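Shown next, in structure tokens, is the structure this report addresses.
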Amino acid sequence: MAASKHVFQAPKGMRDFFPEDMAVRQHLERAWRSASIRHGFEEIGGPTFEHLDLFTIKSGEGIVSELFSFQRSGGDTDYALRPEFTPTLARMAASKGRSLPLPTKWFAIPDLFRAERPQRGRLREHRQWNVDLLGAPGPDADAEVIAVAVTALRGLGLGPADIRVRISHRGAAAGLLAACGVPGDRMAEAFSLVDRREKVPTEVFATQAAAIGLDEAGVARLDKIAASRLPATTQPTTIAEKHDLPVDAVSELTSLSVELDKRGLLPFCDWDLGIVRGLAYYTGTVWEIHDAAGTFRAVAGGGRYDELVGLFGGPTIPACGFGMGDVVLALLLEDRGLLDADHGVLSPRPDVFVVSSGDDQAEGLFIPLATSLRDAGLHVRHTFKAGRNIGKQLKEASGHLAKFAVILGDELDSGHMVVKDMTAGEQFKVPAGDLAAWLQRRLAGYAADKRSCEH
RNA sequence: GCGACCGUAGCUCAGGGGUAGAGCACCUGGUUGUGGUCCAGGAUGUCGCGGGUUCAAAUCCCGUCGGUCGCCCCA
């Protein structure tokens with residue numbers, strides 16, 4: 001394969017966005033922004049690449065092989081395209097130090113990069129919605145960020161039968177693991193093992209579990225508890241009773257349950273002590289959103305990380321939040337048939353397509369008319385083809401899904417233009433001077449009709 | 001980094017040793033001032049690339065590049 005051929009493709013794992021793809025992306029981002037803003041979060045942004053070292057603070061040197069990192073030609077500073085937004089956020093929060101008003105509610109929609117082999121739901125470049133609530137230690141804050149995530153997903157048409165928020169708590173999980181025989185100093189390894197539980201063969205799981213202090217009975221017990229999910233409408237104490245754990249172990253879930261209930265979220269949630277998240281920095285609530293059938297990767301993941309800002313040189317600030325990527329979300333919406341015009345996914349439709357009959361008078365007015373309609377705020381298109389066959393131009397207009405066509409022809413002799421409603425097929429003779437106002441009036445009615453159709 | 005499967009028209013794909021195919025999309029005409037539907041017609045290929053086997057390779061073999069899916073990892 002000559003190099004000259006493959007440079008004409010997007011690099012591995014990177015995507016081109018044609019208009020129809022961009023319409024989907026905008027649809028997701030509209031839902032994300034809308035949910036964030038309605039909950040009082042403010043949008044922030046940051047650099048697309050950071051100092052390489054920023055990313056090893058939290059994740060260790062091991063992450064370097066997963067990064068796109070580089071030096072500028074002749075320079076000796078190491079940079080890396082950001083693989084996640086959290087270090088940037090923590091850096092920004094830390095840089096404000098004690099002047100940061102608390103609580104601070106921030107969200108961002110960055111492009112993120114990872115240098116691994118692409119697979120289903122996991123590409124080298126993706127967009128990820130990040131929501132963080134800094135300075136609020138209570139379960140109300142955990143419930144609030146879950147509410148933001150669920151609000152966005154509901155806005156995209158997903159309900160409790162489509163998605164489940166699987167919730168656990170590091171404290172509860174630790175209580176469970178301790179009850180199964182894991183010593184306190186092996187807890188981090190145990191979390192990591194539980195996180196991989198569904199992926200590793202049972203024998204391997206048993207061997208590794210034995211290595212961190214679980215005997216055969218302990219493994220069986222852990223496996224049983226981690227595999228069981230309960231609707232959040234059940235009291236968390238039921239989990240304790242069912243699995244013979246101390247009630248204390250689930251006390252955090254009980255207080256979270258109250259906050260979720262206030263926000264009407266319980267029907268979307270499940271208690272799932274098998275959710276621990278691989279990351280070491282989670283300190284409290286941990287949760288993931290999955291499709292109900294569990295066929296895709298996690299749509300979102302989040303939790304509480306009270307030590308994060310301190311890790312980046314700032315004061316210790318309690319914090320919680322989540323990330324939601326566009327790739328798995330789009331797969332899920334596609335699977336549910338929620339990615340079409342009826343669900344709001346559409347490139348902008350022209351208000352007017354200007355058509356010229358081709359005679360001198362019409363040709364002279366063609367572009368000036370389009371210009372004046374654009375100045376009046378309308379979305380205007382016209383043909384770029386040489387032929388001025390009216391039939392062809394109307395065909396082009398309907399191909400663009402134009403709402404109206406304005407036809408310039410013989411009627412100009414009496415100062416009129418023909419306006420055609422492309423949906424109804426009706427035609428009207430409109431005085432040239434009234435055209436913009438006439439169209440704006442009709443388009444307002446058009447939008448109202450569309451709304452009433454949608455509801 | 002490892003493994004499996006797949007590369008044929010713009011797109012989705014059929015053909016698995018013997019003349020390169022279908023549907024969709026596109027273009028033209030029916031219709032020189034009226035679109036969507038319909039009818040008729042038309043253009044389209046290094047069968048990813050390189051080598052090998054064969055009288056003959058899109059087809060079989062080897063290699064390579066690319067894609068998809070999985071493993072590792074998961075922010």
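As the structure is a prediction and not an experimental result, all values here were calculated from the model. Protein chains get the first letters and strands the later ones, always in sequence-line order, with residue 1 at the start of each.
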Which heavy atom in H27(A) sits nearest to a heavy atom in L156(A), and how many Å separate them?
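Taking H27(A) first and L156(A) second, the nearest heavy atoms are NE2-CD2, 3.5 Å.
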Determine the minimum heavy-atom distance between A80(A) and L52(A), stating which atoms define it.
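Minimum heavy-atom contact is CB-CD1, 3.8 Å.
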Determine the contact category for G399(A): base if any of its heavy atoms lies under 4.0 Å from a base atom, sugar-phosphate if only primed atoms, P, OP1 or OP2 are that close, otherwise nothing.
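Answer is nothing: G399(A) stays at 4.0 Å or more from every strand.
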May I ask you to say what K420(A) touches in the nucleic acid, namely base, sugar-phosphate or nothing, with a heavy-atom cut-off under 4.0 Å?
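It contacts base atoms.
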Close approaches to RNA chain B from residues 110-118 of chain A, in residue order (heavy atom, under 4.0 Å)
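Close to the strand are R114(A), E116(A), R117(A).
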Identify, residue by residue, the members of residues 79-91 of chain A with a heavy atom below 4.0 Å from RNA chain B, and return them in order of residue number, or none.
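Within this stretch, P83(A), E84(A) sit under 4.0 Å of the strand.
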[X] side-chain proximity, nearest of [options]:
X	options	value
I407(A)	C69(B), G33(B), C71(B)	G33(B)
Q119(A)	C73(B), G29(B), G70(B)	G70(B)
V418(A)	G36(B), G70(B), G33(B)	G33(B)

Name of the residue among W32(A), F41(A), Y305(A), W129(A) meeting ring-ring contact (aromatic ring centres under 6.0 Å, His included) with F322(A)
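Only one option passes, and that is W129(A).
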Would you check if the side chain of H39(A) reaches a backbone N or O of A35(A) as a donor-acceptor pair within less than 3.5 Å?
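Present.
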Polar contact flag, side-chain donor to acceptor under 3.5 angstrom, Q71(A)-D78(A)
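Yes, side-chain donor-acceptor contact under 3.5 Å.
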Looking only at the side chains, is there a donor atom on one of S356(A) and Q393(A) sitting less than 3.5 Å from an acceptor on the other?
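Distance-only check fails for S356(A) and Q393(A).
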